[in-house]
Every structure is written in C-alpha cells, then in structure tokens.
Amino acid sequence: MTPDPLALASRSGLPEDLRFLLGSIPRPDWHAHPNFGPLTRFYLDRHAMFRELSDLMAADLRARLDGADGRGRHHGRFLSLAGLFLRELHTHHMVEDHHYFPALMRLEARLGRGFAILERDHAALDARLHGFAADVRALAAAPPGDQRAARAMLAGIEALAPLIARHLDDEEEIVIPLMLDRGEAALGV
C-alpha cells in the first residue's frame with residue numbers, strides 16, 4: 001500500500017491548489033494587511049505558543065540529561081509546560097474542528113479538501129498526544145535521577161515537534177489568508 005503523500009508524517013507542505021489565497025496574501029504581508037485584527041493575531045499567537053512550548057520542554061529535558069538540573073527546577077517546569085501544552089493544544093483543536101473550520105469552509109468551498117487534511121492532522125496528532133501524555137506520566141512517576149524516562153520523553157518531543165510545526169505552518173497557510181481576504185467579521189464566530 002502506497003503511503004498517503006498528504007498525511008501529516010509524509011508531506012512537506014500543502015499542494016499548490018490549496019495555497020491560492022497565499023499567493024495573493026503572502027506570509028510577510030499578513031501583519032500589515034488591513035483585515036489583520038485581534039482574532040488573526042490571537043490565532044497566530046496561539047500557534048507561536050505551541051512552537052515555543054515544544055522548544056522549552058525539549059530544553060528543560062536536555063538540561064536534565066546534561067546534569068544542569070541539580071535542584072530539579074527544570075523537571076518541575078517541564079511537567080507544568082507539558083500539562084499546559086496538552087490542555088491548550090487539545091482545546092485549540094476542538095475549537096477549530098467545531099467552530100473555525102466549519103465557518104471558514106462556508107466562506108470558501110474550494111478549501112474543503114484543505115480543511116479535511118487539517119482535520120486528519122488533528123486525528124493523527126491526537127493519537128501521538130496520547131503517547132506523549134503517557135510519557136509525561138512516566139517521567140513524573142520516575143525517580144529524580146532516572147535519565148531513561150527523560151531520554152524517552154525527549155525522543156517523544158523530538159518526534160512530535162516537527163509534526164506540530166508542519167501542521168501549524170500548513171494550517172496558517174490556509175486559515176490566515178482566508179481570514180484576511182474575507183475579514184474576521186465574516187466568520188461569525
């Protein structure tokens with residue numbers, strides 16, 4: 001069986017036919033666009049937060065593995081960041097699947113396949129996030145000096161982070177140009 005080239009783990013970006021709005025509203029122009037408003041900023045800020053949390057969690061685990069975490073400061077912060085990451089990402093995907101994506105699809109039917117790809121991403125990420133949560137619980141339960149759990153957790157983040165980044169980049173290339181093209185008020189959410 002041939003792997004799906006549009007699956008999250010397989011693709012390197014969206015097909016060109018789903019990026020038609022991006023051609024007229026490229027990423028460098030987003031913040032200066034006249035329709036760039038609080039909802040668009042909020043959306044991009046949430047995505048930036050997920051990227052930053054991934055980086056911070058990996059840095060905390062590396063500090064633990066490098067022995068730079070003598071008092072466990074990074075361990076405690078890691079557990080807090082991981083909880084925040086899981087809760088906020090789950091909530092973000094739920095809001096998108098049930099509110100934003102349906103509203104955006106009504107605005108531009110040609111992007112229906114793109115939103116279907118993003119929803120499949122959410123399902124693929126959800127499965128990975130369950131494993132990530134299990135790794136977090138294992139790390140929390142491990143003795144303070146147990147590096148095996150920290151190494152497993154770091155490997156989990158390093159496997160998950162590129163998938164999250166790919167998904168966020170592709171989602172932004174569909175959602176943000178559409179929001180800018182039609183205006184935030186057109187969403188009706």
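Any value given below was found using the heavy atoms of this structure, including those in side chains, with hydrogens, waters and symmetry copies removed.
Between Glu184 and Arg41 there is no salt bridge, since none of the side-chain N atoms of the basic residue sits less than 4.0 Å from a carboxylate O of the acidic one. Salt-bridge formation is not detected for the pair Arg11/Asp4: no Lys NZ or Arg NE/NH1/NH2 atom is positioned less than 4.0 Å from an Asp or Glu carboxylate oxygen. Between Asp146 and Arg151 there is no salt bridge, since none of the side-chain N atoms of the basic residue sits less than 4.0 Å from a carboxylate O of the acidic one. Between Arg128 and Asp135, none of the side-chain N atoms (NZ, or NE/NH1/NH2) sits under 4.0 Å from a carboxylate O, so this pair counts as no salt bridge. Using a 4.0 Å cut-off between charged side-chain N and carboxylate O, Arg113 and Glu108 make no salt bridge. A salt bridge links Arg166 with Asp170: the closest approach of a Lys/Arg side-chain nitrogen to an acidic carboxylate oxygen falls below 4.0 angstrom.
Residues Thr40 and Trp30 fail the side-chain proximity criterion, which asks for heavy atoms closer than 4.5 Å. Using a 4.5 Å heavy-atom cutoff, the side chains of Asp121 and Leu163 are not in contact. Within the 4.5 Å cutoff, no side-chain heavy atoms of Tyr100 are placed close to those of Val175. A heavy-atom distance below 4.5 Å is found between the side chains of Pro26 and Asp29. Residues Leu53 and Glu88 form no side-chain contact, since every pair of their non-hydrogen atoms from C-beta on lies 4.5 Å or further apart. With a 4.5 Å cut-off on side-chain heavy atoms, Leu61 and Leu139 count as touching. The closest side-chain heavy-atom distance from Met49 to Glu52 is not below 4.5 Å. Put simply, the side chain of Leu22 does not reach to within 4.5 Å of the side chain of Ile174, judged on heavy atoms.
Relative to the ring axis of Phe20, Arg110 places its NZ or CZ within 45° and under 6.0 Å from the centre.
The CG atom of Leu178 sits 8.5 Å away from atom CD1 of Ile25, with the distance rounded to the nearest 0.5 Å. A distance of 5.0 Å separates CG in Leu18 from CD1 in Ile117, rounded to the nearest 0.5 Å. Note: Arg51 CZ to Ile164 CD1 = 10.0 Å, rounded to the nearest 0.5 Å. Atom OG1 of Thr91 and atom CD of Glu96 lie 11.0 Å apart (nearest 0.5 Å). Distance check, rounded to the nearest 0.5 Å: CG of Asp60 to CG of Leu65 gives 11.0 Å. Expressed to the nearest 0.5 Å, how far CG of Leu180 lies from CG of Leu21 amounts to 9.5 Å.
For His90, the NE2 atom sits in a loose shell: 12 or fewer heavy atoms of surrounding residues, nucleotides or ligands are nearer than 6.0 Å.
For His167 and His47, the ring centers sit 6.0 Å or farther from each other. Residues His92 and Tyr43 bring their aromatic ring centres within 6.0 Å.
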**OP:** Using the side chain to side chain contact (heavy atoms under 4.5 Å, CB included) rule, take Leu104 and Met179 through it: C-alpha gap first, then chi angles, then the decisive distance, then the call.
**Re:** CA-CA 8 Å; Leu104 289 162; Met179 289 171 70; 4.0 Å; yes

Original post:
Step by step, would you call Leu111 with Phe101 a side chain to side chain contact (heavy atoms under 4.5 Å, CB included)?
Top reply: CA-CA 10 Å; Leu111 290 173; Phe101 289 178; over 6 Å; no

Original post:
Step by step, would you call Met153 with Phe132 a side chain to side chain contact (heavy atoms under 4.5 Å, CB included)?
Top reply: CA-CA 8 Å; Met153 188 77 250; Phe132 179 84; 3.2 Å; yes

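Looking at residues two or more places apart in sequence or on another chain, you find no salt bridge (charged side-chain N to carboxylate O under 4.0 Å, His left out) involving Arg120.
Between the side chain of Ser54 and the backbone N or O of Phe50 there is at least one donor-acceptor pair closer than 3.5 Å.
Checked by atom type, the side-chain pair His122/Asp97 shows a donor-acceptor distance below 3.5 Å.
With hydrophobic clusters built from ILVMFWY side chains whose heavy atoms lie under 4.5 angstrom apart, Met57 shares a cluster with Leu84. Connection of Val95 to Leu107 is established within a shared hydrophobic cluster, with ILVMFWY side chains joined at heavy-atom distances below 4.5 Å, either directly or through further cluster members.
The two residues Leu14 and Arg19 come nearest to each other via the heavy atoms O-CD, 3.4 Å.
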